[in-house]
Amino acid sequence: MVFWTPLATSGVLYLNGDTPDHKADPKKAVELWKKGVEKQNPFCMWLYARSLENGIGVTKNSLLAKGMYQKAAELGERHAVDWCRKNFVPFNPQGG
């Protein structure tokens with residue numbers, strides 16, 4: 001399940017430069033996803049984790065990325081679940 005929200009969508013648009021000025025702004029994208037993280041949105045958590053893992057709009061931070069992937073997986077974000085399984089990162093799904 002993908003948890004699209006206006007914050008997630010807007011962040012993707014800023015990342016890709018699909019904005020009125022047609023300029024990509026990765027830092028703005030990350031700011032929006034962080035707001036989604038604060039609202040416990042799993043998809044924003046996954047997007048933010050990818051940014052942290054790859055240093056897109058933020059300084060690379062693999063430890064923080066791992067924790068964000070875990071949290072997103074625990075909330076049911078399928079991309080994060082796949083990442084955790086691939087990287088042997090344990091997580092406890094909600095309700096399980």
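Computation of the quantities below employed the complete heavy-atom set of this structure, encompassing side-chain atoms and omitting hydrogens, waters and symmetry-equivalent molecules.
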J.: Grab the two heavy atoms, one from A24 and one from L15, that are nearest each other, plus how far apart they are.
T.: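 Distance-wise, the nearest heavy atoms are CB-O, 3.4 Å.
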J.: Closest heavy-atom contact between A72 and P42?
T.: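 For A72 versus P42, the nearest heavy atoms are CB-O, 3.5 Å.
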J.: Supply the atom-to-atom distance L75 CG to Q94 CD, rounded to the nearest 0.5 angstrom.
T.: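 Interatomic distance, L75 CG to Q94 CD, rounded to 0.5 Å: 5.0 Å.
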J.: I need the minimum non-hydrogen distance between L32 and G11, along with the two atoms involved.
T.: CD1-N, 3.7 Å
J.: Going by atom types alone, do Y14 and E31 pair a side-chain donor with an acceptor below 3.5 Å?
T.: no
J.: Give a yes or no on whether L52 and V37 share a hydrophobic cluster (residues Ile, Leu, Val, Met, Phe, Trp, Tyr; joining criterion: side-chain heavy atoms under 4.5 Å apart).
T.: yes
J.: What's the separation between atom OG in S10 and atom CG in D18, rounded to the nearest 0.5 Å?
T.: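 Going from OG on S10 over to CG on D18, the span is 11.5 Å.
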J.: Rounded to the nearest 0.5 Å, how far does CH2 of W33 lie from CD1 of I56?
T.: 7.5 Å
J.: Search all heavy atoms of V58 against all heavy atoms of V30 and return the closest pair with its distance.
T.: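 Smallest heavy-atom distance, with atoms named: CG1-CG1, 3.3 Å.
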J.: Would you call the rings of F43 and H79 parallel, tilted or perpendicular, where under 30° means parallel and over 60° means perpendicular?
T.: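 Rings of F43 and H79: tilted, 30 to 60°.
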J.: Transitively linked via ILVMFWY side-chain contacts under 4.5 Å: Y69 with V12?
T.: yes
J.: Please round to the nearest 0.5 Å and tell me the distance separating atom CD of E77 and atom CG of D82.
T.: 8.5 Å
J.: For residues K71 and Q40, determine if any side-chain heavy atom of one lies less than 4.5 Å from a side-chain heavy atom of the other.
T.: yes
J.: Does any part of the side chain of N61, heavy atoms only, come nearer than 4.5 Å to the side chain of T59, both counted from C-beta?
T.: no
J.: First locate atom OG1 of T19, then atom NZ of K28, and finally report the distance between them rounded to the nearest 0.5 Å.
T.: 11.0 Å
J.: Are M68 and F91 connected into the same hydrophobic cluster when the rule is that any two of I, L, V, M, F, W, Y join if their side-chain heavy atoms are below 4.5 Å apart?
T.: no
J.: Looking at T5 and C44, what are the two nearest heavy atoms and their distance?
T.: OG1-SG, 4.0 Å
J.: Roughly how far, to the nearest 0.5 Å, is NZ of K66 from CD of E53?
T.: 12.5 Å
J.: Can you see which heavy atom on Q70 is nearest to which on V89, and at what distance?
T.: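 Residues Q70 and V89, closest heavy atoms: CG-CG1, 3.3 Å.
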